[in-house]
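Residue numbers start from 1 in every chain, and the chains themselves are labelled A, B, ... in the order their sequence lines are given, proteins ahead of strands. In this text the structure is predicted, and so the values were computed from the model without any measurement.
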Number of protein chains: 2
Amino acid sequence: MRVEISFPMNAKPDSSSVELHGAASHGASAIKSKLRRAITTGVYTHGDRLLPERELAESFKTARNTIRSALQQLEEEGLVVRRAGSGTFVNYIDKLPDPLMDLNDSLSPLQLIEARFAVEPYVTRLAAINATQHDLENMQVLINRLDACGDDKDAFTLLDGEFHEQLARCARNPLLLNFFQQINRIRSHAQWRAMKEEILTPVQIAAYNAQHRKLFDALAQRNVAGAVQIIRDHLEKAKSDLVGADSS
Amino acid sequence: MRVEISFPMNAKPDSSSVELHGAASHGASAIKSKLRRAITTGVYTHGDRLLPERELAESFKTARNTIRSALQQLEEEGLVVRRAGSGTFVNYIDKLPDPLMDLNDSLSPLQLIEARFAVEPYVTRLAAINATQHDLENMQVLINRLDACGDDKDAFTLLDGEFHEQLARCARNPLLLNFFQQINRIRSHAQWRAMKEEILTPVQIAAYNAQHRKLFDALAQRNVAGAVQIIRDHLEKAKSDLVGADSS
DNA sequence: GTAAAATATACCAATTCTGAACCAAAACAC
DNA sequence: GTGTTTTGGTTCAGAATTGGTATATTTTAC
């Protein structure tokens, strides 16, 4: 499987992460972090081949040497294996912590949406109230990157997760953020990946992105009720898309 | 990409994020304090590279010399390491392993209530829809035991947690149940137990138990809207009790 | 007024990034 | 099989970035 991830520089953990500013925002280490995160969160799975170094370089808008430096470090960490003439392959057997491991097996897609229905509207309410100007700037960046990812499903999935996590961050509640991160980790796992392939057509991606932008506008205007309604619509759409794909 | 970190993720929503760019406090020592706080509170984590001195200077609207003076002091404190040609890196190792322990330290009582406001109403909705007869019987037993515990604060706290967990069980959603268990775990920690001592008078216990029973009745009658309203009242009461105890 | 602090500017040295070329191994097309 | 294409592996010189240092001027504090 050829997995595409679109570029960019811009990170966190890490992140993460104000401009007091971002850490590791330049260079090979930033790229290493991004790729590692993509691998450990399940955007790539064991055996997937990464893009060729030359394409990664173009995608990250950096030199091939820089990409190579990042990949070399990932190889030393044992996260990837590289073979001349063949490519760079993910070598990472995902092992979730116990409680989540169990969950991942026993949770149906609808139950996941259900949990999001429980948490996200209230989080959105808090976000609309508490988001700082800086939060909004971060979110703006993510939206632009989402728009830019076109029909690249993997890039969209990763960024969509980051977007919703950033939303949770705006709520200024570490426990709720923690809930969100759990949701994201489950979302990025195997059975969901398959689902994603079914559902995410370019048209759907565009539709989701339109909702992201509307949500951002509502947050920026401190329109609490509006923002909550939009996130409900967003989840409703995700739910109906899911049911549609499931029954087809 | 520049990772933007929202600063006050767990701190009180007071000055921290405002101070970051506040023009009010000039001087190297002020900048040093801000950076140190950013590091020790986890905005930057171990190994992260700070922005280049020149960019920090611009960001703080100050001269590079001033930034350097602040960084030098941080270096003397051992909080950062600087390498010519490379950058300034955070050197701060603190305990991080148990994510929940982490939360327990950084979560304010109000933030916990906030999280419950996010999750419990929807869970109650699902519970009202999905609860089986067997669930209701279990809940009935818990209510009886709650009634029986009189003014025993510890017993009440424990059973109250079980009651809410049973409620979550009725929702038939393992992820939401997991969220609840996390909430309960935090509730049972030291600082919360102390809080309980303040709040839980026999009168309050009786009031909570009355709400438990009303909630049970609504569930038994499949009165979804009613059950949701009762849990909201329940949380609202818990919140105002908390605020009351806090201000006294 | 004086001294300390902050600013502004220029240059140096260490490190990293870039851009390019070429090689070797694997995959592919025929 | 043969030849072509793709892909990682290697090397190198020069540009760009970044902390380190020095000096002079301006502002602030007392």
Side-chain angles (χ1 to χ4, degrees), chain A residues 1-5 7-11 19-35 39 44 47-91, chain B residues 1-3 21-36 39 44 47-91:
Chain A
M1 157 180 195
R2 175 184 168 103
V3 182
E4 310 231 351
I5 187 171
F7 60 89
M9 291 255 348
N10 200 348
E19 239 101 350
L20 209 186
H21 287 331
S25 56
H26 299 79
S29 68
I31 292 168
K32 179 184 66 171
S33 301
K34 264 214 128 19
L35 288 175
I39 291 170
Y44 301 113
D48 279 354
R49 199 197 71 182
L50 268 53
L51 289 182
E53 294 174 351
R54 291 166 179 88
E55 291 184 43
L56 279 177
E58 192 181 357
S59 178
F60 278 95
K61 291 185 170 35
T62 186
R64 187 176 158 220
N65 276 351
T66 306
I67 296 292
R68 284 188 56 76
S69 170
L71 289 179
Q72 185 168 18
Q73 295 175 65
L74 289 177
E75 186 175 34
E76 281 162 9
E77 293 179 22
L79 233 52
V80 300
V81 172
R82 306 154 90 194
R83 287 201 299 276
S86 184
T88 301
F89 299 85
V90 173
N91 180 31
Chain B
M1 131 187 190
R2 206 146 263 182
V3 178
H21 296 94
S25 49
H26 287 63
S29 65
I31 291 170
K32 180 186 65 172
S33 309
K34 290 173 191 169
L35 287 175
R36 178 171 43 216
I39 291 169
Y44 298 111
D48 280 353
R49 198 197 70 185
L50 267 54
L51 288 184
E53 294 174 351
R54 291 165 179 87
E55 289 186 43
L56 279 177
E58 193 181 356
S59 174
F60 279 98
K61 292 187 171 36
T62 185
R64 189 177 156 216
N65 287 7
T66 308
I67 295 292
R68 281 189 58 76
S69 168
L71 289 179
Q72 185 168 16
Q73 295 176 63
L74 290 177
E75 187 176 33
E76 282 161 9
E77 293 179 21
L79 229 52
V80 301
V81 172
R82 305 200 285 176
R83 287 204 304 276
S86 185
T88 301
F89 298 85
V90 173
N91 181 31

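- The structure places CG of B:Leu51 at 5.0 Å from CG of B:Leu56, a figure rounded to the nearest 0.5 Å.
- The side-chain heavy atoms of A:Glu76 and A:Gln72, taken from C-beta on, include a pair separated by under 4.5 Å.
- The nearest whole Å value for the distance from the CZ atom in A:Phe60 to the C1' atom in C:dC17 is 16 Å.
- Atom CZ of B:Arg64 and atom P of C:dA10 are 13 Å apart (whole Å).
- Here CD1 of A:Ile67 is found 10.0 Å from CG of A:Leu74. Values are rounded to the nearest 0.5 Å.
- A:Leu50 is listed as a side-chain neighbour of A:Leu71, based on a closest heavy-atom distance under 4.5 Å.
- A donor-acceptor pair is defined here as one N or O able to donate and one able to accept, closer than 3.5 Å; such a pair exists between the side chain of A:Ser33 and the backbone of A:Ser29.
- Remark: B:Thr66 is in phosphate contact with C:dT7, judged by side-chain N or O atoms under 4.0 Å from OP1 or OP2.
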Review item, nucleotides 12-18 of chain D N/O atoms under 3.5 Å of protein N/O:
unit_1	atom_1	unit_2	atom_2	d
D:dC12	N4	A:Asn65	ND2	3.2
D:dT18	O2	B:Gly85	N	3.2

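- The distance from the CG atom of B:Asn91 to the CD atom of B:Glu75 is 10.0 Å, given to the nearest 0.5 Å.
- When every heavy atom of A:Ala63 is checked against every heavy atom of A:Ala57, the shortest pair comes out as C-CB, 3.9 Å.
- Residue A:Leu51 contributes atom CG, which lies 9 Å from atom P of D:dG8 at whole-angstrom precision.
- Closest-nucleotide positions on DNA chain C for A:Ala28 and B:Thr62 were compared, and the one nearer the 5' end corresponds to B:Thr62.
- Atom CD of B:Glu58 sits in a sparse spot, with 12 or fewer heavy atoms from other residues, nucleotides or ligands closer than 6.0 Å.
- Taken residue by residue, residues 69-82 of chain A places no heavy atom nearer than 4.0 Å to DNA chain C.
- With rounding to the nearest 0.5 Å, the separation of NZ in A:Lys32 from OG1 in A:Thr66 is 13.5 Å.
- Taking 4.0 angstrom as the limit, B:Arg68 places none of its side-chain polar atoms (N or O) nearer than this to OP1 or OP2 of D:dG19.
- Distance, A:Ile31 CD1 to C:dC17 P: 8 Å, rounded to whole Å.
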key: B:Arg83/B:Arg49 under side-chain contact (heavy atoms from CB on, under 4.5 Å): CA gap, chis, key distance, verdict   = CA-CA 11 Å; B:Arg83 287 204 304 276; B:Arg49 198 197 70 185; over 6 Å; no

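- Relative to the axis of its first five pairs, the axis of the last five pairs of the helix from C:dG1-D:dC30 to C:dC30-D:dG1 sits at 50°, rounded to 10 degrees.
- Taking atom CG on A:Leu56 and atom P on C:dC17, their separation rounds to 16 Å, with Å as the unit.
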